[in-house]
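Note sheet for the following structure.
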Amino acid sequence: MPSLLHYEIVADPTSLQASLPNEPSVGTVYLIVSNTHQAQVEWDYIDVALPLPIQSSNLTDTPAAVTATVERTYNNPWDDPLEFAWDAANDCFRARLSQAQPSTRQFALLDAHGALVLKLENIPVAEGAGLSLLEIRERAGGGDDNLAMRQDHYTTYLGLAKQTPRVPRSFRADKSLLDVDAGEQLVLRWDGPNGLDYAILDQTGAEVHSEPAAPGATPAHLEYSWTTAAPKRGTTYTLVAKTAGGGQQRGYFLTTTVHAVIPEFASGTRTPWVEGIANKGRLVLAADGAEVRNPAGDLGRITADKADVDNVTTRLVQGRTDSAGWITFPDQGVNVYHGSNSDLGVLTAARADVEGVNTKWAGSRDAGSGWIEFTQPGATLHKDGNQDLGALTADKVDVEGVNTKWVGDRDAGKGWIGFPQDGIDIRKDGGQAWGTVHADKADVDGINTKWVQGRSTSDGWIEFPAEGLRVLRDGGHDLGTVTAGKAELNELNTVEARVSGEARVRGMLSVGGGMKLSHDGTRMFVTLPDRIVHSAINEFKQWVGMERGLTVSFQTGSFSATKEGGILTHGCDVQFQQGTVSISKGNPPQVRFL
């Protein structure tokens with residue numbers, strides 16, 4: 001006899017998917033138990049067994065993992081609670097009165113036109129496609145014929161199909177975001193029947209991998225994989241599966257996309273803006289260039305180790321911290337500030353090539369070094385970081401004028417020039433001793449010096465005593481020689497004067513210390529304090545005046561005429577002495593007065 005109750009089966013999903021290697025499948029089976037009688041049916045139990053005939057595929061390998069529950073389509077107040085659970089002793093799922101609570105009757109009742117729903121949820125579906133049978137064993141009584149409770153159960157078989165994909169599926173990458181710089185590899189996997197040919201195409205449509213069919217392999221549905229170098233940017237791969245051997249079949253197409261952590265583009269990227277991930281700063285590509293914005297939309301900050309640009313337009317530039325120095329660009333040029341205030345700061349550079357610099361002062365990086373102050377009259381050099389005047393050191397100075405107290409060589413022990421009120425002082429050896437001026441030519445209005453000498457210390461030199469000029473020779477103190485084409489003097493004072501040519505005196509010749517005249521080595525004229533000695537023929541065509549007297553000497557005598565003694569002759573007989581004429585004669589002479 002057939003069972004008193006009617007059974008139908010519904011699966012979710014409608015076609016249960018058999019589990020695949022490393023890919024378990026889970027499903028639900030609803031068993032609907034209906035009372036089609038006009039009278040109640042009394043039932044003791046309803047078993048749902050999982051037989052495994054030769055032509056059947058097991059529904060699950062782990063029935064204890066299935067969640068089994070039972071529900072009535074409607075409840076009456078007098079209904080006793082039911083249970084539906086795995087019965088390991090009977091190797092089935094059994095529905096019956098609850099064993100945990102006391103019942104008012106021996107058997108459960110199912111009212112006329114009523115129904116029960118036996119749920120088998122979270123079923124770990126076993127592998128392998130095919131028909132899965134459910135064996136329904138029912139022990140019941142009653143119904144329209146009011147049958148007595150049967151001693152044995154009725155048996156009903158219901159079935160459902162398990163399927164495995166007949167086309168490839170689950171085409172995916174182990175990691176869809178790859179770090180190329182870290183050397184990560186791309187691994188693509190898919191599941192599919194082993195009787196299909198598989199090919200993988202890249203984004204250009206080029207075939208980059210081929211996997212031929214492997215008919216007869218076990219199991220019939222395999223997991224395939226392909227490993228290759230990770231792409232440098234986002235790439236979509238297409239899996240193409242077709243019947244083994246090709247043919248006219250279009251085939252099956254699956255796609256998956258992978259990306260690089262840091263994409264690399266060969267021809268550039270077009271986008272209106274780029275935004276950060278954690279920090280929401282944004283780079284906006286405007287019509288005239290690029291704008292850096294902060295999360296609030298205001299202009300933000302660019303941080304870089306180096307910037308090489310043709311032009312920068314900005315209101316200010318500052319260091320990486322708020323307390324760092326910063327530069328503004330007013331209409332008149334550039335202002336450098338320091339800290340978070342508006343105090344003028346320091347511009348530090350290896351070199352500055354500018355048309356002009358306006359500054360109060362300029363100094364070295366070392367605060368203790370020299371510095372230049374720019375006052376109203378010009379520039380002032382200071383030393384040691386204080387107000388003391390410093391030194392200007394340069395290879396060349398080209399200026400319209402220099403006002404300085406002194407000028408010296410870089411070596412403090414060498415010569416230097418002082419500028420007193422009355423002119424220039426040349427000093428030597430870094431001290432106060434007078435130094436030497438070396439020049440090819442000197443064109444001056446006047447020279448005040450103690451002496452002048454040739455370039456060699458053994459040359460002649462000129463000394464300038466209070467009374468005039470002294471020419472010395474051989475670098476010593478012996479009087480030297482003045483050589484000139486012509487000398488025009490108001491007065492000549494000399495120890496010895498030699499004239500190799502003709503000497504002419506247009507005015508009066510006054511010789512205070514005596515005079516010596518000679519010709520060809522022969523003395524001609526000599527003056528002494530009390531007499532004049534000459535050896536020549538004298539023609540006195542005009543008067544010769546003698547203040548005290550005249551004496552003329554001869555080889556054998558002499559003649560003298562004096563105011564005191566009158567006229568005397570020696571070496572002759574006649575004598576004139578004080579108005580008296582006498583004659584001397586004999587040896588010794590005898591004088592006779594006339």
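Salt bridge R172/E223: present, at least one basic N to carboxylate O contact under 4.0 Å. A salt bridge links R94 with D47; the closest basic N to acidic carboxylate O contact falls under 4.0 Å. Under a 4.0 Å N-O distance rule, the pair R233/E264 does not qualify as a salt bridge. A salt bridge links R72 and D79; the closest N-O separation between the charged side-chain nitrogens and carboxylate oxygens is under 4.0 Å.
Smallest separation of non-hydrogen atoms from W43 and L116: CZ2-CD1, 3.6 Å. Minimum heavy-atom separation, A108 to L82: CB-CD2, 4.0 Å. Taking all atoms of both residues into account, the shortest heavy-atom contact from A65 to P124 is CB-CG, 4.0 Å. The minimum heavy-atom distance linking E184 with D179 is given by the pair OE1-N, 2.8 Å. Smallest separation of non-hydrogen atoms from D44 and M149: N-CE, 4.2 Å. Across every non-hydrogen atom of S225 and R189, the tightest pair is CB-NH1, 3.6 Å.
Remark: of the listed residues L186, L177, V187, L186 is the sole one forming a side chain to side chain contact (heavy atoms under 4.5 Å, CB included) with V258.
For the residue pair K162/S57, the side-chain donor-acceptor check at 3.5 Å is satisfied. A side-chain donor-acceptor contact under 3.5 Å links T236 and T257. Between the side chains of Y157 and E135, a donor-acceptor pair is found at a separation under 3.5 Å.
Rounded to the nearest 0.5 Å, atoms CG (L110) and CG (N35) are 4.5 Å apart. Interatomic distance, OG1 of T228 versus CD of Q185, reported as 7.0 Å (0.5 Å rounding). Remark: L50 CG to D91 CG distance equals 7.5 Å, nearest 0.5 Å. Atom-to-atom distance recorded for D197:CG and S210:OG is 7.0 Å, nearest 0.5 angstrom. Within the model, atoms CG of L344 and NZ of K360 stand 10.0 Å from one another, a figure rounded to the nearest 0.5 Å. Atom CG of L109 and atom OG1 of T104 lie 8.0 Å apart (nearest 0.5 Å).
Within the 4.5 Å cutoff, side-chain heavy atoms of T380 are placed close to those of L389. Residues L160 and L59 have side chains in contact (heavy-atom distance under 4.5 Å, counting atoms from C-beta outward). At least one side-chain heavy atom of D12 sits less than 4.5 Å from a side-chain heavy atom of Y30. Residues L299 and R293 are in side-chain contact: their nearest non-hydrogen atoms beyond the backbone lie under 4.5 Å apart. Looking only at side-chain heavy atoms (C-beta outward), E83 and V70 stay at 4.5 Å or farther from each other. By the 4.5 Å heavy-atom criterion applied to side chains, V26 and V125 are not counted as neighbours. For the pair I123/V29, a side-chain contact is recorded, criterion being any heavy-atom separation below 4.5 Å from C-beta on. S3 places none of its side-chain heavy atoms less than 4.5 Å from the side chain of I136.
One N or O on the side chain of H37 and one on the backbone of D144 form a donor-acceptor pair closer than 3.5 Å. Within the 3.5 Å criterion, the main-chain N or O of T62 finds a donor-acceptor partner in the side chain of T60. H382 contributes no side-chain N or O that, together with a main-chain N or O of G390, makes up a donor-acceptor pair within less than 3.5 Å. Judged by distance alone, with hydrogens and angles left aside, the side-chain atoms of S25 form a donor-acceptor pair with the main-chain N or O of Q17 at under 3.5 Å. Between the side chain of E71 and the main chain of T69, no donor-acceptor pair closer than 3.5 Å is present. Formation of a donor-acceptor pair under 3.5 Å by the W273 side chain with backbone atoms of E291 is not found in this model. Between the N279 side chain and the G281 main chain, no donor and acceptor come within less than 3.5 Å of each other. A donor-acceptor pair under 3.5 Å is formed between the side chain of D87 and the backbone N or O of A89.
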Take V336 and W326, measure what side-chain contact (heavy atoms from CB on, under 4.5 Å) needs, and give me the verdict at the end. CA-CA 6 Å; V336 178; W326 49 288; over 6 Å; no
When you look at I46 and Y7, which way does the side-chain contact (heavy atoms from CB on, under 4.5 Å) test go after all the steps? CA-CA 11 Å; I46 299 173; Y7 296 91; 3.8 Å; yes
side-chain contact (heavy atoms from CB on, under 4.5 Å) assessment of Y337 paired with I327: CA-CA 6 Å; Y337 300 95; I327 305 172; over 6 Å; no
Please report the C-alpha distance between N194 and Y224 in whole Å, then the side-chain angles of each, then the deciding distance to 0.1 Å, and finally whether the side-chain contact (heavy atoms from CB on, under 4.5 Å) criterion is met. CA-CA 9 Å; N194 53 31; Y224 295 86; 3.4 Å; yes
For the pair Q40 and D111, evaluate side chain to side chain donor-acceptor pair (under 3.5 Å) and give the outcome as yes or no after the intermediate values. CA-CA 4 Å; Q40 289 182 337; D111 290 337; 2.9 Å; yes
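Summarising the local packing, NZ of K280 is surrounded by more than 12 heavy atoms from other residues, nucleotides or ligands at distances under 6.0 Å. A 6.0 Å sphere centred on CG of L316 holds more than 12 heavy atoms belonging to other residues, nucleotides or ligands. For D388, the CG atom is densely surrounded, since the number of other residues' heavy atoms within 6.0 Å is greater than 12. Around atom CD of Q106, no more than 12 heavy atoms belonging to other residues, nucleotides or ligands sit under 6.0 Å away. Other residues, nucleotides and ligands contribute over 12 non-hydrogen atoms within 6.0 Å of the CZ atom of R105.
A cation-pi arrangement is absent between R96 and Y45, since the terminal nitrogen or guanidinium carbon is not both under 6.0 Å from the aromatic centre and inside a 45° cone about the axis.
In this pair, H209 and W190 present their aromatic rings perpendicular. The plane angle is above 60°, beyond the 30 to 60° band.
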